[in-house]
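Note sheet for the following structure.
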Protein chains: 2
Amino acid sequence: MKAEKISEAVVRRLPVYLRHLTELHKREVMTVSSQELGQKLDLNPAQIRKDLAYFGDFGRKGIGYDVSYLIEKIRHILKLDRQINVALIGAGNLGHALSNYNMYLKESMKIVAVFDSYVPKIGTKINMLTVQPIEELKETVVEKNIRVGIITVPDTEAQRVADQLIEAGVEAILNFAPTVLKAPPEVRIHAADFTTDLLSLAYYLDSGKETEVHDNDKQPEKVDR
Amino acid sequence: MKAEKISEAVVRRLPVYLRHLTELHKREVMTVSSQELGQKLDLNPAQIRKDLAYFGDFGRKGIGYDVSYLIEKIRHILKLDRQINVALIGAGNLGHALSNYNMYLKESMKIVAVFDSYVPKIGTKINMLTVQPIEELKETVVEKNIRVGIITVPDTEAQRVADQLIEAGVEAILNFAPTVLKAPPEVRIHAADFTTDLLSLAYYLDSGKETEVHDNDKQPEKVDR
DNA sequence: TAGATTGTTAATCGATTAACAATC
DNA sequence: TAGATTGTTAATCGATTAACAATC
C-alpha cells in the first residue's frame, strides 16, 4: 500500500476486474490468482498485482485473491457502494440504450432524470423516467443531488448542455458527442464518442482488398508535395 | 517522415484532428497552426506536430497547415477515402444509434448489413437495411465484402458472435458488449463498452456528499484484514 | 517442507513535452 | 528582414513488465 497518485489507466482497469470477479462469484469460484485473471482479461499478471497493490494488500501469498473480498474492495474504491445520481441529456436511441444498461447496475451510478429539448419527446417515458425539458435541468440537478451528467445530444448542442450541467454543479460528465468539451479543471470530462473508435479502426485494416470509392491513388504512397 | 511504428495513441488522435479540420473547412478557414489546433483540442502542440510528422511533411514553416490538404492526407492515412463495409450485429437501441451516426460518414465506414437473433426483429428495417437472422452472417459477410463487425448484442452472446465474425473473415471488431473478447492476433478487437467508462468516472467524484446506500463504512479507510 | 503466488523493486519500454535550428 | 511556425532531437515523464524475496 502506497500513497502514490493513481493513474487513469489503473482506474480504468478496475471496472474490468470487477466485472470478471462478479462473474467468478456467480460461478461460485472462491479464489483467483493474478495469473488466471490476466489470462482471462488479456493483461499482464504483474500489472494486475500492481494495480491492486496501490489500494491495499488484498491478496494472500501462495493462494491468490479472495473473490468476494476483492469485489467488495474494488466496489469501495470505485465508490460503487454508494448511490451516485446521474442525469441523462438526450433521449434518443443512444440515451435509451444507456438507460437500459443502467438497469443492471442496481445501486451505484443511477440515472434519475432524463432531459431533451425536442418538444414532442417531453413527457414521454424512458424506463420509468419522464423526459423533462432541458430548462428544468438546473433545478432538478440541485433537487435530486445529481453529480454526473451523460451527454447524448447532437454535437452542435453538446457544449451548451455541458455548460448548463457545469453551472448546475455536476462533478463529472460522460460525453458521447463527437466534440472536445471545454470545462474548468475541477469538472472531470470523459470522452466516450464512438465515431473516433470506428474511424481509427480503419487504419488497421489490410490495404489491398478494398472496395474503392473515388480518387483511388495507387501510387507508391508519396507524401511530399 | 520516418519509418517508425505508429502507436495506437497516435492513430486514435487522427480522427479527432480530422473532425476539427472538417469543421474549420466548413468555416472556410484556410490554414491552421499546431498551436491553434492544440488549444481547441486540449492537446500539446508539439504532440500534434509529431503525430502528423510520422506520416509526412504536411505543414509549412512559419505558416502552419493547409486545412484542405491536411484533411485529404488524414483521410488517406485512415483509409477513409475508400469504402469499408461494416456489419452490425444487434439491432437494439445501441445498434440503432450507431446506424444513425453512420449516416453522417457518407463514404468510408458503411454499415451494409444488420443482424439479430431475436425472431420478431428479423425483417424489420433500420435505416434502409433489413434486419437479417444471424444465421446468414457468414454468407453475407463474404458476399458483401464486409471487413468490420460491430457487436451490440448482450454480453452473454458477444463471444459467440465474435467467433462467427472471425470465422467469416472480418479483420476488425468494435465490441460494445462488456466482455473481453478472445480472438486471434490478426483480428483487431477494439473495446468500446461504456459501462467501464461510467464506472471509472465514479472514482473521481469528491467523497463526502454522497447519497448513501448500504454498509456505509465511515472508518478511516482500513485495508488490512 | 515444497509449490504457489503475492507485493514490490528495478529494468525496460514507450509516450509526451521542451527546445531549437531550419525556413516560410 | 522580423515574426511565426514547422519538423525533429533530446529530455522528461510515466506506464508496463520482469524478477525475486517474502510467505501462505
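This structure is a prediction, so every number in the text was calculated from the model and none was measured.
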What's the closest nucleotide to the Y65(A) side chain, out of dT6(C), dT8(C), dT16(D)?
dT6(C)
Earlier contact from the 5' end, DNA chain D, for S7(A) and V32(B)
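That would be V32(B).
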Of R13(A) and S33(B), the one whose closest DNA chain D nucleotide lies more 5':
S33(B)
Rounded to the Å, how far apart are [X] [atom1] and [N] [atom2]?
X	N	atom1	atom2	value
F55(B)	dT8(D)	CZ	P	14 Å
I48(A)	dA15(D)	CD1	P	17 Å
D51(B)	dT16(C)	CG	C1'	10 Å
L70(B)	dG7(D)	CG	C1'	14 Å
K5(A)	dG14(D)	NZ	C1'	11 Å
K73(A)	dT6(C)	NZ	P	18 Å
L52(A)	dT6(C)	CG	C1'	11 Å
Y54(A)	dT6(C)	OH	P	17 Å

Please report whether the ring centroid of F194(B) lies less than 6.0 Å from that of F176(A).
yes
Compute whether any side-chain donor of one residue and acceptor of the other, for T196(B) and R19(A), lie under 3.5 angstrom apart.
yes
Any chance the side chains of Q159(B) and D163(B) put a donor and an acceptor closer than 3.5 Å?
yes
Quick one: what's the B/S/- string for nucleotides 17-24 of chain D, heavy-atom cutoff under 4.0 Å, read 5' to 3'?
BBB--BBB
Output, in order, the C-alpha distance, side-chain angles, deciding distance and verdict of side chain to side chain contact (heavy atoms under 4.5 Å, CB included) for R13(B) and Q47(B).
CA-CA 10 Å; R13(B) 281 190 293 268; Q47(B) 180 169 67; 3.4 Å; yes
Flag side-chain contact, heavy atom, 4.5 Å: I89(A) against I150(A)
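The answer is no; the side chains never approach within 4.5 Å.
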Is there side-chain contact between E23(A) and L21(A), with heavy atoms separated by less than 4.5 Å?
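The answer is no, as the side chains (C-beta and beyond) never meet within the 4.5 Å cut-off.
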State, to 0.1 Å, how close A183(B) and I166(B) come at their nearest heavy-atom pair, and which atoms those are.
CB-CD1, 3.6 Å
Shortest non-hydrogen separation from A158(B) to I151(B) and the atoms involved
O-CD1, 3.9 Å
Paired stems touching DNA chain C, three or more consecutive Watson-Crick or G-U pairs with both distances under 3.5 Å?
C:3-24 with D:3-24
Looking only at side-chain N and O atoms, does S34(B) come under 4.0 Å of OP1 or OP2 in dT5(D)?
no
Examine K73(B) relative to F55(B) and say whether NZ or CZ is less than 6.0 Å from the centre of the six-membered ring and inside a 45° cone about the ring axis.
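Relative to the ring axis of F55(B), which defines the angle, K73(B) lies outside at least one limit.
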